[in-house]
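Have a look at the structure below, then the notes.
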Amino acid sequence: MLEETWRWFGPKDPVSLADVRQAGATGIVTALHHIRNGEVWPLEEIQHRKALIEQNGLTWSVVESIPVHEGIKTRTGNYRQYLDNYKECIVNLAQAGIDTVCYNFMPVLDWTRTDLDFPMPDGSTGLRFDAVEFAAFELYVLQRPGAEYLYTDEQQRRARAQLDAMTDAQVKRLTRTIIAGLPGSEESYTIEQFREALGMYADVGDHELRQNLYAFLREIVPVAESVGVRLAIHPDDPPYPILGLPRVVSTETDARALLAAVDSPTNGLCFCTGSYGVRPDNDLIGMVERLGSRFHFIHLRSTERSRDGDAAWGNPGQFSFQEANHLEGDVPMVGVMQALLKEQQRRQAEGRTDLRMPFRPDHGHRMLDDLTSGKRTNPGYTAIGRLRGLAELRGLMWGLSSQIMANKA
Ligand code: DNO
């Protein structure tokens, strides 16, 4: 059975550690969110946070994330110092007995959505990325120079019509949703700062970002390996370039290239089904079968691509999508879970020690008391929506696992 974990944003998270216990997860996924991006996490603070988690009968299973400073991604400014600090964080975590670290290499923005409360047919709300709204923001709010070359005349017309149909408050909300930082992203911008941050990538295209990622891995992997910490890179979300910025962890080919760049078991993946799953050309079950030995962390969530409009929108692959119930949508969750359980068996047969294979129910709808309790939960990180997700995934896992055992007997 895979380890059931739950993301917790620290003592201020309205979903408490006591709540997590009732949800039935055993592992906590968290970070020292109060420490600024790029700085060292002191050992005492790590130990203190770990003790708090353990006092609640839980374990600190995965760090998500140690954010990678923009200086490292662009290899500019003080990046050497940031690399040293990153190594020190890893060494300190190892000393506290924490062995799995998730991170991402998305430029400027971490995960991105255009709507945090999109009404679902059942009365709950969920997260959505709408390509037309995003274009409206990019073209007419941000007014990014060069953006017009990314969109056809027809797309620009649709984006303009979208913007014209929105109230000022809606435009403000859209802007905030995109640039003010979603939970865990550790970056938040005003529109001016955002333009400046994008400017840092003037000379960093696809090739350069890949090289910078591999250079980062060449520095960090040996240190992590020497102290027994596994690294798990989170894919791009959405899994395609946005805002003219390169995105280099969106497909199986991208994942293979980065695994090969530093071919060590330490250098692994966070398999996020919701992110990879937005692209129909990502074969999720096949990815588990082919790359599963390098999965150190798993996010289970489903997305549903818009069925209408995208053909007219005209960028094949750049889908609008919304977050579906965990067992529904475009992610073949039953097959994914089956493949993950098989990967765990393979590890056991090979005598590997990394059998935990921590997964967390990623995101969840806002539903039932999430909608009415007045608790300000983080977008995507509700109590009840995730509780439903975890319960469904757990049931699936138990059922499949007993079937696998019965077939073996
Ligand atoms: C969103 C999360 C991401 C993830 C980072 C990992 O819900 O999955 O913010 O934590 O990309 O570094």
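Order of listing sets the numbers, starting from 1, for every ligand and every atom in it.
With sequence neighbours excluded, no residue forms a side chain to side chain donor-acceptor pair (under 3.5 Å) with Thr59.
For Tyr103 and Phe216, the gap between ring centers is short of 6.0 Å. Between His363 and Trp111, the ring center distance clears the sub-6.0 Å criterion.
The shortest heavy-atom contact between Thr382 and Thr377 is CG2-OG1, 3.8 Å.
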Give every pair made of an N or O atom of ligand 1 and a protein N or O atom lying under 3.5 Å apart, one pair per line with both atom names and the distance to 0.1 Å, or write 'none'.
unit_1   : atom_1 : unit_2 : atom_2 : d
ligand 1 : 7 (O)  : His363 : NE2    : 2.6
ligand 1 : 7 (O)  : Tyr381 : OH     : 2.5
ligand 1 : 8 (O)  : His234 : NE2    : 3.2
ligand 1 : 9 (O)  : Asp110 : OD1    : 3.3
ligand 1 : 9 (O)  : Asp110 : OD2    : 3.1
ligand 1 : 9 (O)  : Trp111 : NE1    : 3.3
ligand 1 : 10 (O) : Arg7   : NH1    : 3.4
ligand 1 : 10 (O) : Arg7   : NH2    : 3.3
ligand 1 : 10 (O) : Glu64  : OE2    : 2.5
ligand 1 : 11 (O) : Asn104 : ND2    : 3.2
ligand 1 : 11 (O) : Asp110 : OD1    : 2.9
ligand 1 : 11 (O) : Asp110 : OD2    : 3.3
ligand 1 : 12 (O) : Ser65  : OG     : 2.6
ligand 1 : 12 (O) : Asn104 : N      : 3.4
ligand 1 : 12 (O) : Asn104 : ND2    : 2.9

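Atoms OG1 and CE, from Thr125 and Met120 in turn, are 7.0 Å apart once rounded to the nearest 0.5 Å.
Arg49 has no carboxylate O lying under 4.0 Å from a charged side-chain N of Glu45, or vice versa, which leaves the two without a salt bridge.
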